[in-house]
Protein chains: 2
Amino acid sequence: MEIQGLPGRLLDELGPAIAAGEIPEGAVLRSEDLEERFGVSRTVVREAVRILEGMRMVASRRRVGITVQPKSGWDVFDPLVIRWRLAGADRPAQLRSLGSLRVAVEPAAAALAAVHASDDDRRELSALAVELTVSARAADLATFLRHDIAFHATVLKASGNEMFAHLGDTVGAVLTGRTEYHLMPHQPEPYAIRLHREVADAICSGDAVHAEQAMRTIVTGALEELNQQLG
Amino acid sequence: MEIQGLPGRLLDELGPAIAAGEIPEGAVLRSEDLEERFGVSRTVVREAVRILEGMRMVASRRRVGITVQPKSGWDVFDPLVIRWRLAGADRPAQLRSLGSLRVAVEPAAAALAAVHASDDDRRELSALAVELTVSARAADLATFLRHDIAFHATVLKASGNEMFAHLGDTVGAVLTGRTEYHLMPHQPEPYAIRLHREVADAICSGDAVHAEQAMRTIVTGALEELNQQLG
DNA sequence: CACAGTCCAAAAGTATGACGATTTGGTTTC
DNA sequence: GAAACCAAATCGTCATACTTTTGGACTGTG
């Protein structure tokens, strides 16, 4: 997942700093400064900058330097950008954006999954729904989170749409971020758990309408809760 | 939009070739070969490869080389990846994926736009709906396409959700690709045009339910038509 | 024959010096 | 005051040398 080597280390410094606004839009960096500041060679700086450029977070111009681009141009779907924004000052906005995206995508994915899921997918969903119930009842938030992430990722994958499938990690990041955010709220609501079972059952029995509906209830509920938390 | 310089040129060669499967999954490239083949220096090859690595299309390992990663890992939301796939053998699959994504996202965006759109957004939507009607009636497919793209991009932007907004270009690519694909079908259907006006009107009057519904009709219609075309 | 440990060479990773290209901003000139 | 010009700054590219990792061959042993 990570970019490796020295350029990766540079990215881990620059990316979050830019995402958090510590290095603000319009700021100009110079390669040579970066070389000194991080004690690496031009090669390394250039490659790291190239990657940031690929994410449209910076642009490099002769005689000018490396300028931080406006947020509106960033590749907001890039997993690294999402992670960096979730880690910094943009966290609330990022969670809101992702919440809306979930509301749009996950019900559709559930409906598709009811039609396209493989037998393995269906089995896994059933199993996860059960484990979800167990860990919720045991108030074991850590494993609950793990299963919750797996559940949603599996639905997205089972939809058969590669683009939906790729949102699995992103949704995972949201759930993790959310859990950290309201600092482990107590026990997951029994109603939400029941809805997850409903989704699993509906997908297993090929009931697209019901799967979509139940999933929509889950994600809109999550979004409302989020908006409440964030004020 | 483009990556510039020699690395950009390299990308324009390698990216499409990988996306089209000409360089298949698992294939191994060596930096030195690429240097010779394209007549560029190490620096340039490395930076281009770094960018591809950022898109998760290749992975570079010591003593092994640069290996093409399985498609399932690619950053399928990266605009360049989308463009490359649309240009090559993956075009049908890519259009289908994007079609489903549109069905999920655009109705939600329309609903949000009805609530959050600025006055400017609403004005622009009205204007675009009119121009859409005009160019459709004149059977001017080129300008129709332009306005259609602008219309959908504006709705996405007006939703106030940055992630939705960023799908504007992507949707534009779909519409362009679709138009090229069935080779300019004849005249756009009057019913679809009317739906666009309905979306605009609903957003202008703040009617989220109606906006969502009309938009859903548009995109599901487009998806069905697409599936019909692709068999 | 099977297995484990050792060693080597191949390839990417990093560093560095030199030069080229381009943009900017000031300076000169008319 | 405006236009043309020049010079400095900075990225872009190249060539080269050195470092690090690691896959696989080789070797020896049980």
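Everything numeric here is computed off the predicted structure, so don't read it as measured data. Every chain is numbered from 1, with letters handed out A, B, ... down the list of sequences.
Taking only distance into account, the side chain of A/Arg30 never meets the base of D/dT10 through a donor-acceptor pair shorter than 3.5 Å.
Listed nucleotides: C/dT24, D/dT13, D/dG23. Nearest to the side chain of B/Arg61: D/dG23. Closest approach to the A/Ser41 side chain among D/dT13, C/dT16, C/dA12 is made by C/dT16 (side chain taken as heavy atoms from C-beta onward).
For B/Phe151 and B/His196, the gap between ring centers is short of 6.0 Å.
Between B/Lys157 and B/Asp121 there is a side-chain heavy-atom pair separated by less than 4.5 Å.
Under a cut-off of 6.0 angstrom, the local environment of CD in B/Glu32 is sparse, with at most 12 non-hydrogen atoms contributed by other residues, nucleotides or ligands.
Nearest-nucleotide mapping onto DNA chain C: of A/Val44 and B/Ser31, the residue sitting toward the 5' end is B/Ser31. In terms of position on DNA chain C, the residue among A/Val64 and A/Glu47 whose nearest nucleotide sits closer to the 5' end is A/Glu47.
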Just distance, no hydrogens or angles: give the donor-acceptor pairs under 3.5 Å from side chains in residues 8-18 of chain A, sequence neighbours left out.
none

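An OP1 or OP2 oxygen of C/dT14 is reached within less than 4.0 angstrom by no side-chain nitrogen or oxygen of A/Arg46. Between C/dA11 and B/Ser60, no contact under 4.0 Å exists linking OP1 or OP2 to a side-chain N or O. Considering only side-chain N and O atoms, A/Arg50 lies under 4.0 angstrom from the phosphate OP1 or OP2 of D/dT13. Not one side-chain nitrogen or oxygen of B/Arg63 sits closer than 4.0 Å to the OP1 or OP2 atom of C/dA12.
Look at CG on A/Leu52: it is 16 Å from C1' on D/dC11, rounded to the nearest Å. Rounded to whole Å, atom P of D/dT13 lies 12 Å from atom CD1 of B/Ile3. Per the geometry, CZ belonging to B/Arg62 stands 14 Å off C1' belonging to D/dG23, to the nearest Å. Taking atom CZ of B/Arg42 as the reference point, atom C1' of D/dC18 lies 11 Å away to the nearest angstrom. B/Leu34 places its CG atom 14 Å from the P atom of D/dC14, with the value rounded to the nearest Å. Protein atom CD of B/Gln4 is 13 Å distant from nucleotide atom P of D/dC11, rounded to whole Å. Separating the CD atom of A/Glu32 from the P atom of C/dA18 is a distance of 15 Å, rounded to the nearest angstrom. The nearest whole Å value for the distance from the CD1 atom in A/Ile66 to the P atom in D/dT10 is 11 Å.
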- request: Run the numbers on B/Met55 and B/Trp84 for side chain to side chain contact (heavy atoms under 4.5 Å, CB included), then give the verdict.
  value: CA-CA 12 Å; B/Met55 298 168 175; B/Trp84 292 337; 3.8 Å; yes

